[in-house]
Amino acid sequence: MTLIARELRGLIDEAIREAVSRGEIAASEVPDFVLERPRHKAHGDWATNAAMVLAGASGRKPREVAEVLARLIEKSACPPAGSVLRAVEVAGPGFINLALERDRVLSELVRVAREGDAYGRWDLGAGMRINVEFVSANPVGPLHVGHGRWAALGDALCNLLEAVGFEVDREFYLNDFGTQMEIFAASVEARYLELAGRPCEFPPDGYQGSYVMDIAREIMEEDEGRLADAPPQLRRAELGERAYGIALSHIRKSMDAFGVHFDIWFSERELQGSGAVREAVAGLLARGLAYERDGAVWMATSRFGDDKDRVLVRSNGAPTYFAADIAYHLNKMERGYDRLINIWGADHHGYVRRMQAAMEANGHADRLEVILGQLVNLKRGGEPVRMSKRTGEMVTFDELLEEVGRDAARYLFLTRSQDTALDFDIQLAVEQSLENPVYYVQYAHARICSILRYGEGRGVELSQEIPGLDTLRLLEAEEEWDLAIKLFEFEELVRDAALGRAPHRLTRYLEELAAAFHVFYNRHRVISDDAALTSARLFLCRCVLQVLRNGLSLLGVSAPERM
RNA sequence: GCGCCUGUAGCUCAAUUGGAUAGAGCAGCGGACUUCUAAUCCGCAGGUUGGAGGUUCGAGUCCUCCCAGGCGUGCCA
């Protein structure tokens, strides 16, 4: 892969070495410098701060150093000796601005077309396996809107990690064991008996949501109320199982409808049944990392940076959620992953430190990465939508998906960094769907498809052949140049978004690319009487189409051919 | 009290991880379809980046202290 940025880096690198060996700059080694696309067009196509970084070390003025480097770069990269750059300039406090030679841009464009679906992919994984655990909702009711955000985030992140060459598994952890399952069973049982007309008291800490009644009704319709007469213990256990099955199938269905597919559904119950939780605790005890006090077993997490020690086994003998989680993470490591990524709701952040402590204690320091997703504030027409877990009143993820659609939901969830709480206005997402960024991007895609269809109808040559350099050189308008250069940002963006765990950068980029296309479209006619120019512009359009498609597919958003 | 996250245009958010003149979209105003999709484009207006110091060639970004909001701080999950 002849990545343009890598080539430019090489040029700068070489210039620095040359300058050092000539004694024009003093530097023991080539420092880290930034090569970036400048914000302003006037600053060239790419720019570097190399001279300013070097100036500090060599005690010379940044602009002087820049001047030295610029002349060296120019000599090797500009005609007649080279063919990469058109101009090299020193500007501002000591930036070196690089303007690309036109043919170099065109050859890069050709690469976009040649690589096609693979354009933007990297091979950075080196066989590394990553497990990404996300959503992991308790199977005791419908998914809420926040789960939708994390599903979109997790899936897009996985796509990105795969794109840059990691082997990724998507995992859903099912907390199908313990207190909440019991509360859930008791809640369903109470509703079931209520439906059967039996006197019963709803558990004080039970789940209030109306979905509990729906589930009870579903079971009752199936078994015609037989369980009402079963022995209480058996009845509750049976109802709990049936209810769990129903809740889980709803979750699977939601994720399916959202287009998120998990490789692994990991059951806590199985983990508990296998004895792994007891083993994990025993292991910690044996190594003196856990101890008994007040009838409970504690882990010395404070030795690993936690504020205080945490209970693993309660004095009543029941292991805590934490103990199970330790066993679960050990299990993941045993499955051979090099790295674990967990996406948790921000309300779990108090839990991160102790989990990291546990990983470190078990010899897996720095293997676990926790991404905290901030919550979603649901609004409707500017007014916050009241949601209460206590009364069970809430807009479920399914309802949201139904109302705004899969593409819009996925895209909007990914427009913001996960560090920031997301305001999601349902009314805005639906009513103003025409102003929606997702449609803006998709529209660019559909528009290009429309151009291609039009061309086809007019008998324009639409072969997948890549036009020759002479033809491509006709792309000389400013908007064409801007568009082409914008395309080349994609590769590095994919890498940065993947390594920086920042899928939202991709939505941003796609909007910029779409904007560059719309500007081009409004100023220039693609299909005209000029056959050569038509051919060149169609080729540019096909490249844009390709990158839009690659980008949207990483987000899990469709690329429609008509809108 | 302590810890984490956040604070940027009227609103919702970006800002290439320390770079040049802080940018988009909504909302507002004014323009552009006899044309390959006007779900688009062009222009105008909008800012003491919560506040005060500090670090350096350079700070929205880093460090300290305040202010405001959210979350956490359980032998809950």
Side-chain angles (χ1 to χ4, degrees), chain A residues 34-40 42-43 47-49 52-53 55-56 61-63 91-95 97 138 140 175 177-181 183 205 293-298 307-308 310-316 318 320-322 324-325 345-353 372 374-375 377 379 382 415-425 428 432-437 439-440 442-444 446-455 457-458 460 489 492-493 496 500 502 504-505 507-509 511-512 514-515 517-528 534 537-538 541 562-563:
Chain A
V34 176
L35 176 71
E36 62 187 359
R37 299 255 0 248
R39 265 201 276 267
H40 301 282
H43 297 147
T48 180
N49 67 347
M52 291 182 293
V53 177
K61 286 185 183 155
R63 282 196 68 112
F95 286 99
N97 296 335
N138 298 330
V140 295
N175 296 123
F177 179 90
T179 319
Q180 67 201 337
M181 292 302 284
I183 296 172
D205 56 353
R293 193 181 76 200
D294 305 331
V297 180
W298 299 69
D307 299 334
K308 56 181 196 179
R310 308 288 176 173
V311 172
L312 293 172
V313 183
R314 287 173 278 208
S315 47
N316 68 5
T320 59
Y321 181 86
F322 180 45
D325 238 9
D347 53 341
H348 284 72
H349 86 248
Y351 198 73
V352 177
R353 184 67 63 77
L372 291 175
Q374 292 289 322
L375 307 170
N377 299 317
K379 295 190 171 178
T415 50
R416 311 279 184 256
S417 148
Q418 58 264 23
D419 291 336
T420 169
L422 176 68
D423 279 331
F424 195 108
D425 195 314
L428 232 61
Q432 298 197 346
S433 60
L434 305 190
E435 308 289 348
N436 216 312
Y439 298 116
Y440 183 83
Q442 287 182 322
Y443 185 55
R447 231 179 187 180
I448 295 172
C449 290
S450 171
I451 295 171
L452 298 179
R453 278 194 300 273
Y454 178 86
R458 305 264 299 224
V460 172
E489 277 179 43
E492 293 204 296
L493 194 114
D496 293 348
H504 74 278
R505 291 185 51 183
T507 62
R508 204 87 198 167
Y509 168 77
E511 284 157 42
E512 287 168 9
F517 172 74
H518 288 311
V519 170
F520 158 76
Y521 176 89
N522 272 279
R523 298 250 177 92
H524 303 284
R525 231 190 125 70
V526 176
I527 292 168
S528 67
T534 296
R537 285 185 174 157
L538 273 173
C541 285
R562 281 173 211 275
M563 286 176 76

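Quick note on labels: first sequence line is chain A, next is B, and so on, each numbered from 1. Given the structure is predicted, the values throughout are model-derived calculations rather than measurements.
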Under 3.5 Å, N/O pairs linking protein and nucleotides 32-35 of chain B:
none

Rounding to a whole Å, what distance do you find between [X]:[atom1] and [N]:[atom2]?
| X | N | atom1 | atom2 | result |
| --- | --- | --- | --- | --- |
| Arg523(A) | C41(B) | CZ | P | 11 Å |
| Glu512(A) | G25(B) | CD | P | 11 Å |
| Glu511(A) | C13(B) | CD | C1' | 10 Å |
| Arg508(A) | G23(B) | CZ | C1' | 8 Å |
| Arg505(A) | A24(B) | CZ | P | 17 Å |

- Query: Taking OP1 and OP2 of C36(B), is either one under 4.0 Å from a side-chain nitrogen or oxygen of His524(A)?
  - Reply: no
- Item | Side-chain N or O of His504(A) closer than 4.0 Å to phosphate OP1/OP2 of A15(B) | yes
- Note on the structure: Glycosidic torsion of C62(B) (syn if within 90° of 0, anti otherwise) classifies it as anti
- Query: When you match Leu375(A) and Asp423(A) each to their closest nucleotide on RNA chain B, which lands nearer the 5' end?
  - Reply: Asp423(A)
- Return the set of residues passing ring-ring contact (aromatic ring centres under 6.0 Å, His included) with His504(A) (not counting sequence neighbours), or none when no residue passes.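 Testing His504(A) for ring-ring contact (aromatic ring centres under 6.0 Å, His included), a comparison that skips the adjacent residues, returns none.
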What pairs of nitrogen or oxygen atoms, one from the protein and one from nucleotides 56-62 of chain B, lie under 3.5 Å apart?
none

Pairs: protein N or O with nucleotides 73-77 of chain B N or O, under 3.5 Å:
unit_1 : atom_1 : unit_2    : atom_2 : d
G74(B) : OP2    : Lys308(A) : NZ     : 2.5
C75(B) : O2     : Ser315(A) : N      : 2.8
C75(B) : O2     : Ser315(A) : OG     : 2.9
C75(B) : N3     : Ser315(A) : OG     : 3.2
C75(B) : N4     : Asp294(A) : O      : 3.0
C76(B) : OP2    : Arg314(A) : NH1    : 2.7
C76(B) : O3'    : Arg314(A) : NH1    : 3.3
A77(B) : OP1    : Arg314(A) : NH1    : 2.9
A77(B) : OP1    : Arg314(A) : NH2    : 2.7
A77(B) : OP2    : Tyr321(A) : N      : 3.3
A77(B) : O3'    : Gln180(A) : NE2    : 3.1
A77(B) : O2'    : Gln180(A) : OE1    : 2.8
A77(B) : O2'    : Gln180(A) : NE2    : 3.3

- Message: Tell me every residue that passes side-chain hydrogen bond (donor to acceptor under 3.5 Å, both in side chains) with Arg39(A), counting only those two or more places apart in sequence or in another chain.
- Response: none
- RNA chain B base-pair string [pairs: Watson-Crick or G-U under 3.5 Å; |: paired with another strand]: (((((((..((((.....[...)))).(((((.......))))).....(((((..]....))))))))))))....
